[in-house]
Amino acid sequence: MSPGSTQVPSVADIDLAFMGLTEVAQAIARRQLSAVEVTQACLQRIAQWQASRKAFIRIDAETALAAAQKADAQLAQRSFQPGPLHGVPLAHKDLFYRRGLVSTCGSLIRRDWRAEDTATCLTRLDQAGALDLGTLNMSEFAGGPTGHNIHHGHCASAFHPDHIAGGSSSGSGVAVGAGLVFGSLGTDTGGSIRLPASANGVLGLKPTYGRVSRKAVMPRAWSLDHVGMLTRSAADAARLLRLIAGPDPLDATALDQPVPDYESTLGDAVRGVRVGVTDLSGLGQIDDAVQSMLDASLAVLRDCGTQSVGVPISDMSPLFRCAETIIKSEAASIHGPWLRARPQDYTPLFRSRTEAGFLIPATQYIDALRWRTQLSRSFMDTTMKDVDVLIMPCMPYALPTIADSDVERSGEAVRTLIGRITMFTRPFNLLGLPVVQIPAGFCPAGLPLGFQLVGHPFQEALLLRLAHHFMAQMRPFVRRPEL
């Protein structure tokens, strides 16, 4: 079934866990499925997968079932008009606050902390009728790219329990990839949506900086944080983005830009769209399997009607270093009180990386903010000048194992390996550009691979349209993870 299909099969003919978010919403609204049976299907799958994948920090089964019963009762009233996500079970990274409930942020420090406010994006999903199944695992305070977490268990890829799930929105990637929920919100400061999307074979969208409110979302670095989503189709991402995007009087960084109906344009042609292709050899080594995937993906995009255009790209290390200065400085400011009062409650790695921010002079931080503007202008005037999107790898290599990438236990070689994992993702947080991570097959070992399309500011509709056309071509090759 295509992501935008209006045909809903009978319950006997479908695997509920892998229906699309938009499809299951339609089926519930038409009373072809009940919210209760959909929620029960998700909870049953969570029970099967949680022990080996550690996707959830908290599972709210009773609360979710009660909400599903209420959703079904509302639909029984003829005058009731369901919202666009009525009765659809979701779950989100455990740094989106919900008033009165614990939000651990993947840490020991906030193990029992209860939020005083609800995140604006969660409120908007609530208003659309979505249900919450609990909270999802993540790297401690969103500070790691692999999904390791000694406090709540290391997340593992939906496709192999020995391999990393990507971070820091690790539980979101696993939950969506393994069919435990129909979609999830995550945050991305240096790749934290796109990396777990790639590691779990799903779509990950980092919208333009300021496209989505960050009210009542625990920051990693407020100048670089983006709220986005992980889904199994472009149609599902389009619906979530339409619902949560837009200005917010409670968040001055949420920009007052029109919010398009992203779903309505997914089927529009992409013929003539210019895809920028650059020589990656000067940017850092990538695996042969990743290069082969990029070449094959470009061929599929050309089959969809796009044009490949060679573009120049400068050394991206200044973008990387500038982002590193900002992240460390802002993280040190955020965590300063806890680092002074409870240093023992941090993992050694997160503590050392965050404390490094105390050694950065204020002038260097201000210089980084100033250089951000100049670097952004230069990138748009050169690499992005004559193209609509830029294609880039997501990860430079196939998924490492959890053991081989555990920097708490391993040496400098592993630190170098992990340092490379964000080489193609972090620069685009500094630039604030929208980026979609698209699943694009598997390496010889059967682990998922994906690539990024980088767009111009507020061009999420085009990115989703390209993802929609690409994934439609790839549908015969889609694999589902096995337990």
Steps toward ring-ring contact (aromatic ring centres under 6.0 Å, His included) verdict (Phe442, Phe477): CA-CA 10 Å; Phe442 298 81; Phe477 308 102; over 10 Å; no
Hydrogens and angles aside, do [X] and [Y] bring a side-chain donor and acceptor to less than 3.5 Å of each other?
X	Y	value
Ser192	Ser168	yes
Ser223	Glu330	yes
Lys93	Ser172	no
Gln452	Thr425	no
Asp126	Thr123	no
Thr347	Glu140	yes
Ser170	Asn137	no

Below 4.5 Å, heavy atoms only, C-beta onward: do [X] and [Y] meet side chain to side chain?
X	Y	answer
Arg232	Val176	yes
Pro393	Phe424	yes
Ile327	Asn429	no

Leu136 to Ala175 - nearest heavy-atom pair and separation: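 Minimum heavy-atom separation between Leu136 and Ala175: CD2-CB, 3.9 Å.
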Thr118 to Arg99 - nearest heavy-atom pair and separation: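 So the two residues come closest at OG1-N, 3.0 Å.
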Taking atom [atom1] as the centre, does [X] end up with more than 12 heavy-atom neighbours from other residues, nucleotides or ligands that are less than 6.0 angstrom away?
X	atom1	result
Gln48	CD	yes
Glu116	CD	no
Asp367	CG	yes

Full working for side chain to side chain contact (heavy atoms under 4.5 Å, CB included) between Arg53 and Leu483: CA-CA 10 Å; Arg53 298 312 198 273; Leu483 188 62; 4.2 Å; yes
Arg351/Asp345 under salt bridge (charged side-chain N to carboxylate O under 4.0 Å, His left out): CA gap, chis, key distance, verdict: CA-CA 9 Å; Arg351 177 182 168 185; Asp345 291 334; over 6 Å; no
Honestly, is [X] close enough over [Y], meaning NZ or CZ under 6.0 Å from the six-membered ring centre and within 45° of the axis?
X	Y	value
Arg110	Trp113	yes
Arg426	Phe320	yes
Arg220	Phe141	no

Side chain to side chain contact (heavy atoms under 4.5 Å, CB included) between Leu453 and Leu390, worked out: CA-CA 5 Å; Leu453 291 179; Leu390 173 70; over 6 Å; no
Partner of Arg214 under side-chain hydrogen bond (donor to acceptor under 3.5 Å, both in side chains), chosen from Thr187, Asp248, Thr253: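 It is Thr253, the one option of Thr187, Asp248, Thr253 that forms the side-chain hydrogen bond (donor to acceptor under 3.5 Å, both in side chains) with Arg214.
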Sidechain N-carboxylate O distance under 4.0 Å for Asp60, Arg58: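 A salt bridge links Asp60 with Arg58.
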All pairs passing ring-ring contact (aromatic ring centres under 6.0 Å, His included) where residues 215-240 contributes a residue, at least two apart: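 Those involving residues 215-240 are Tyr209-His226.
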Residues Ile421, Ile164; criterion side chain to side chain contact (heavy atoms under 4.5 Å, CB included); working and verdict: CA-CA 12 Å; Ile421 198 171; Ile164 67 168; 4.0 Å; yes
Nearest-0.5 Å distance that lies between atom SG in Cys443 and atom CG in Leu449: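 It comes to 5.5 Å.
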Pairs satisfying salt bridge (Lys or Arg N to Asp or Glu O under 4.0 Å), at least one member in residues 185-205, at least two apart: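 Found Asp188-Arg194.
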Proximity of Phe182 and Phe18 rings by center, below 6.0 Å: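 No, too far apart.
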Aromatic plane relationship, Tyr346 with Phe350 - under 30° parallel, 30 to 60° tilted, over 60° perpendicular: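 Parallel.
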